Structures are given as structure tokens and as C-alpha cells.
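Counting convention: from 1, in listed order, for ligands and their atoms alike. Values in this document were obtained by computation on a predicted structure and should not be read as measured data. These numbers come from the heavy atoms of this one structure, side chains and all, not from hydrogens, waters or symmetry mates.
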Amino acid sequence: MTDEPMTNEPVTNEPMTDAPLTDPAVQVGGAQEIAPDLLVIPNHRVALVPNIGIIGGTEAVLVVETGIGNTNAEQVLAFASEVAKGRRMYLTTTHFHPEHAFGAQVFAGQATYLVNRAQADDLKTKGPGYLEMFRGFGGSIARRLDGVKVPTPDVTYDDGYDLDLGGRTVRLRPTGRGHTKGDQVVEVPDAGVLFTGDLAETGQFAIFPWFPPYDTDVSGVRWLEVMDRLAATGPRVVVPGHGDLGGPEVLAGVRDYLRELREETWRRRDSAMGEAKIVAEVRALLIERHPEWVGQEWIERGVGCLCTEHPA
Ligand SMILES: [Zn+2]
């Protein structure tokens, strides 16, 4: 870290102007067994690398997330195949965003790719635009998206899916709109483990993919409702979409932040303050309250989203 003062980036409608320059490489060598036959490949806090899960039963293995692009996915598949030792393989993704799902084509013929219907719809309707947008970031991100096609799931379910891996049943549950329209969480009840996807991140401000007019699906209000429900389930271990693993306090932390973001935004909106001023004030306030968090660029997107959700 340097002593350089923080600069305030200008408010802009360009998607993700702070796109990271670090190559978003999944490091399968760092896999950790967090419960019997349940591995997590941690993202080591590298942006655009998700936490990836490999959950085993006696008959089958479920992989959660692919990493961005085919090379990452090939490494995840090779590692998962080693773990599976001939067991049948499944793949699921928590939502359609490129670092979570845009490697799934590599699993074709090797694993059954299973997702909730709303996520399948997101892949179909939003996937091509996101592929284009992420390629536009250039550098290592564009290279990793070389040859990538928006994936098509093999199996789509509606209300929930209990996947029997043999002696272990994993619960796939759509949460309803939150971080995206098609978010899904993955619960491993016998181990008390919950994979949240980007409904929860640690060490950073919550990711609001609020890119009007292209994508306005994220809902701060509904996301908060989802976090209230998830927090009530009391998991032992929470695997966030990005950042360090933790316990139930991870869910409470995100919920509290979303509440704080909503309250601070709406209080100013109540007094008819303009959006630019709200962004500036809320941004300064939240950075002061969470100085150690990265991803400050997501605050203004969160404020923008919540301004439109203000009950005027
Ligand atoms: Zn995401």
C-alpha cells in the first residue's frame, strides 16, 4: 500500500471503469477441504475470480462456478475430475456473470450443467451483452474470453432442486431477484455450508451491477429481503462469491451494509437531494465507515439503484 491520497473517481455511466488489471486466474492448487469431501478453491481476493466449490457424495460430485473463460474452466474440470475419481459430475453456477459461468462449455459431455430457470433466462438474454462488455475490458480479461460461448444449461429447474450425490443431498435454491434476476444459492445441509454467489462478498462493498440502460435487474430492496431470509437459515460456513470464507456473520454483515446503504440513500432522497450529491455524501460516509473494503466504485451504483427504488 502507498500513502497516496484516495481520489474520487468521477461518476460515469461506463460499465466498470475500475476493471482490474490483475489476470483473473483460478488457482486450483489452493483448494481447501472445509468439510469432508467438500473443497473450496478460494479466490485469494483476486477480482473477477470467484470462490469455487467441489462437493462430493458417494456417487457424484457437484462443481459450483467455472471461473472466467475456458482455460480457467479446464483447470477446474481437471482438478474436479481428479477429486471425482470416476464419480458422475454435475456443474452449477450461482448466477450468469462471466467469472461464475463463462467457462461452462468446457464441461459439456463431462458434467451435467444444472441451473434455475431465471438464471438460464439471464444467460440467454443478458449473456451475449456481458460477453461483449467484458471483452471490451481488453487485456487478460479479453484473452480469457477468447473462444468463449455463452453456455446453455443441460437441465433447468423451477422452484428448487435437491441433488442427490449419494449419501449427501445438495439443495439448489433460487432466491428471487437480488444481485441479478436469476441468483441461486447452494446449500450442503449435512455440512452446514452455504454458497451464496455474489449475494455476499467479503472485504468489499457489495457488487451492484447497475448499468442503466443496459442492465437494471439488481434490486437493493429485494437483495436485502433475500439476505434477511438467508441469515435466518444460520449456516455454519458461508462461502461468498468473492472474498474470505466465514460464518453466519458474513450474511449479517452484507445485510447490515445493504440496510445502511438504503437508509443513507433514502434519507437524502426524502429531502429531495439530487442524485449526484447523494452519491458524493453516501460514498464519503461509507468509505469512512468501511475504510478497509475494496470495490468503492460499487457504492455509487448501489446508490443509483436505490434512488430508483425510493418509495416516493
Ligand atoms: Zn456477479
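- Scored by the side-chain contact (heavy atoms from CB on, under 4.5 Å) test, K277 finds M273, E281 as partners (sequence neighbours excluded).
- Side-chain N/O atoms of Y113 and T93 include a donor and acceptor closer than 3.5 Å.
- Summarising the hydrophobic clusters (Ile, Leu, Val, Met, Phe, Trp, Tyr; side-chain heavy atoms under 4.5 Å, direct or chained), the residues clustered with V64 are I34, L38, V40, I55, L62, Y90, L114, V155, Y157, Y161, L163, L165, V170, L172, V186, V188, V193, F195, V237, V239, L245.
- Pairs passing the salt bridge (Lys or Arg N to Asp or Glu O under 4.0 Å) check and including a residue from residues 92-112, sequence neighbours excluded, do not occur.
- Within 6.0 Å of atom CZ in R289, more than 12 heavy atoms from other residues, nucleotides or ligands are found, so the atom counts as buried in its surroundings.
- The closest side-chain donor-acceptor pair between Q119 and H100, if any, does not fall under 3.5 angstrom.
- If you count the protein N, O or S atoms nearer to the Zn ion (ligand 1) than 2.8 Å, you get 4.
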